[in-house]
Amino acid sequence: MARPNQRAQRRLDYIPLISRTFVDLGYRRTTTAALAQQCEVRENVLYRLWPDKRAMFIAALDYVYQYSEQTWNRLLEGSREGQASSENSASPAQIILQYEASHHGEFGLYRLVFTGLSETDDPQIKASLKDLYQRFHGFVQKQVAVHRQNQESHRQTSLIAWSILGLGTVANIGRELEILGAEERQQLIQEIGDLMLNVEIGK
């Protein structure tokens, strides 16, 4: 029997802790010593899994997307099971907006993204951020297309998806700077998001 990939499993075990350290300290102030302390291992253990701090940060950026995608997929799977025995006809996009209205940004992972945006002079971090946003956009665009019954052009659903992602960014800025309260953030994401889902874009 093949042995499980222990290196891959250890990465999965450590990356939430590594991500939390970058959230709390930012990229520049985080040291590999601090990361090792958070993971309760020696630094050389982390260096066996990633070549350097930058690689650990890039892995943390990937974790931001993976965590979100897994959360949304579980949510949508549960909603499909519930809809089989009810008259609830909300689209996947509406279900995600409703969830995010209450939960968006609650774990502070958006700080990883904000931190990364200040490091875009590093080509590898810039490429990772670009990939992160494109994956978020791709996921949201698929839900927008389903909501609009695939009747819109790729360009239209793409623009709507970017606008919805923008709402999330503004909500995170509002949370971070304490200029938007919880109720305002909820309305921004759910109510304005619903408007974006149904907006008419000139053809």
Side-chain angles (χ1 to χ4, degrees), residues 19 22-23 26 60-83 86-120 126 128-203:
S19 298
F22 281 122
V23 165
L61 288 174
D62 180 66
Y63 173 72
V64 173
Y65 179 78
Q66 296 295 338
Y67 180 87
S68 299
E69 183 185 53
Q70 290 168 11
T71 299
W72 293 339
N73 281 331
R74 284 194 301 267
L75 178 70
L76 295 178
E77 181 61 31
S79 71
R80 283 191 289 270
E81 294 173 359
Q83 286 178 1
S86 74
E87 297 181 357
N88 182 3
S89 59
S91 72
Q94 289 173 314
I95 291 168
I96 290 173
L97 283 174
Q98 184 177 5
Y99 175 85
E100 289 297 320
S102 298
H103 298 283
H104 189 73
E106 64 184 352
F107 298 119
L109 291 176
Y110 61 86
R111 288 186 174 184
L112 275 169
V113 180
F114 288 175
T115 294
L117 290 172
S118 68
E119 303 296 332
T120 54
K126 181 177 181 178
S128 296
L129 277 171
K130 181 177 179 180
D131 180 66
L132 173 70
Y133 273 106
Q134 288 177 330
R135 284 190 289 168
F136 271 122
H137 175 264
F139 188 97
V140 173
Q141 185 176 5
K142 288 180 182 178
Q143 315 316 316
V144 171
V146 170
H147 177 84
R148 297 171 77 95
Q149 301 179 342
N150 296 301
Q151 296 177 355
E152 310 296 329
S153 70
H154 179 85
R155 175 180 175 275
Q156 288 172 310
T157 56
S158 176
L159 290 173
I160 292 168
W162 282 123
S163 73
I164 290 173
L165 291 176
L167 293 178
T169 300
V170 170
N172 287 333
I173 292 171
R175 177 195 289 267
E176 194 69 18
L177 300 180
E178 300 180 349
I179 54 178
L180 289 176
E183 184 177 353
E184 292 171 308
R185 294 196 306 272
Q186 288 176 4
Q187 289 178 318
L188 178 68
I189 291 175
Q190 185 165 356
E191 297 181 25
I192 305 303
D194 192 63
L195 289 175
M196 292 298 98
L197 283 177
N198 297 291
V199 69
E200 292 296 326
I201 298 178
K203 298 182 180 180

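Within the 4.5 Å cutoff, no side-chain heavy atoms of Glu184 are placed close to those of Leu188. A 4.5 Å side-chain heavy-atom check between Asn73 and Phe139 finds at least one atom pair inside the cut-off.
Between the side chain of Arg135 and the backbone N or O of Tyr65, no donor-acceptor pair lies under 3.5 Å. Between the Arg185 side chain and the Arg175 main chain, no donor and acceptor come within less than 3.5 Å of each other. Gln143 places no side-chain N or O within 3.5 Å of a backbone atom of Val140 that could act as its donor or acceptor partner.
Within the model, atoms CD of Glu100 and CD of Glu106 stand 8.5 Å from one another, a figure rounded to the nearest 0.5 Å. We find the OH-OG1 distance between Tyr67 and Thr71 to be 4.5 Å, quoted to the nearest 0.5 Å. Between the CZ atom of Arg148 and the OG atom of Ser91 there is a distance of 11.0 Å, given to the nearest 0.5 Å. The CD1 atom of Ile189 lies 9.0 Å from the OG atom of Ser102; values are rounded to the nearest 0.5 Å. Separating the CD atom in Gln187 from the CG atom in Leu180 is a distance of 10.5 Å, to the nearest 0.5 Å. Atom OH in Tyr133 sits 13.0 Å away from atom OG in Ser128 (nearest 0.5 Å).
The two atoms that bring Ile95 and Ala90 nearest to each other are CD1-O, 3.8 Å, heavy atoms only. Between Gln94 and Leu197, the shortest heavy-atom distance links the atoms CG-CD1, 3.8 Å. Between Gly193 and Leu97 the shortest heavy-atom distance is C-CD1, 3.6 Å. Of all heavy-atom pairs between Leu61 and Leu132, the closest is O-CD1, 3.6 Å. Nearest heavy atom pair, residue Tyr110 against residue Gly105, reads CE2-O, 3.5 Å.
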(request) Could you check Phe107 against Val23 for side chain to side chain contact (heavy atoms under 4.5 Å, CB included), going step by step and ending with a plain yes or no? (result) CA-CA 9 Å; Phe107 298 119; Val23 165; over 6 Å; no

(message) For Val199 and Ile201: C-alpha separation, side-chain torsions, deciding distance, then whether side chain to side chain contact (heavy atoms under 4.5 Å, CB included) applies.
(response) CA-CA 6 Å; Val199 69; Ile201 298 178; 4.1 Å; yes

(request) Please report the C-alpha distance between Val64 and Ser19 in whole Å, then the side-chain angles of each, then the deciding distance to 0.1 Å, and finally whether the side chain to side chain contact (heavy atoms under 4.5 Å, CB included) criterion is met. (result) CA-CA 8 Å; Val64 173; Ser19 298; 5.9 Å; no

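Ion pairing of Glu119 with Lys126 is absent here, as no side-chain N (NZ or NE/NH1/NH2) approaches a carboxylate O to less than 4.0 Å.
Within 6.0 Å of atom CD in Gln186, more than 12 heavy atoms from other residues, nucleotides or ligands are found, so the atom counts as buried in its surroundings.
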Show me the side-chain donor-acceptor pairs of residues 157-173 shorter than 3.5 Å, one per line, residues at least two apart or across chains.
| unit_1 | atom_1 | unit_2 | atom_2 | d |
| --- | --- | --- | --- | --- |
| Thr157 | OG1 | Gln141 | NE2 | 2.9 |
| Thr157 | OG1 | Ser153 | O | 3.4 |
| Thr157 | OG1 | His154 | O | 3.1 |
| Ser158 | OG | His137 | NE2 | 3.1 |
| Trp162 | NE1 | His137 | NE2 | 3.2 |
| Ser163 | OG | Ile160 | O | 2.6 |
| Thr169 | OG1 | Leu165 | O | 3.3 |
| Asn172 | OD1 | His104 | NE2 | 3.3 |
| Asn172 | ND2 | His104 | NE2 | 3.2 |
| Asn172 | ND2 | Gly168 | O | 3.3 |

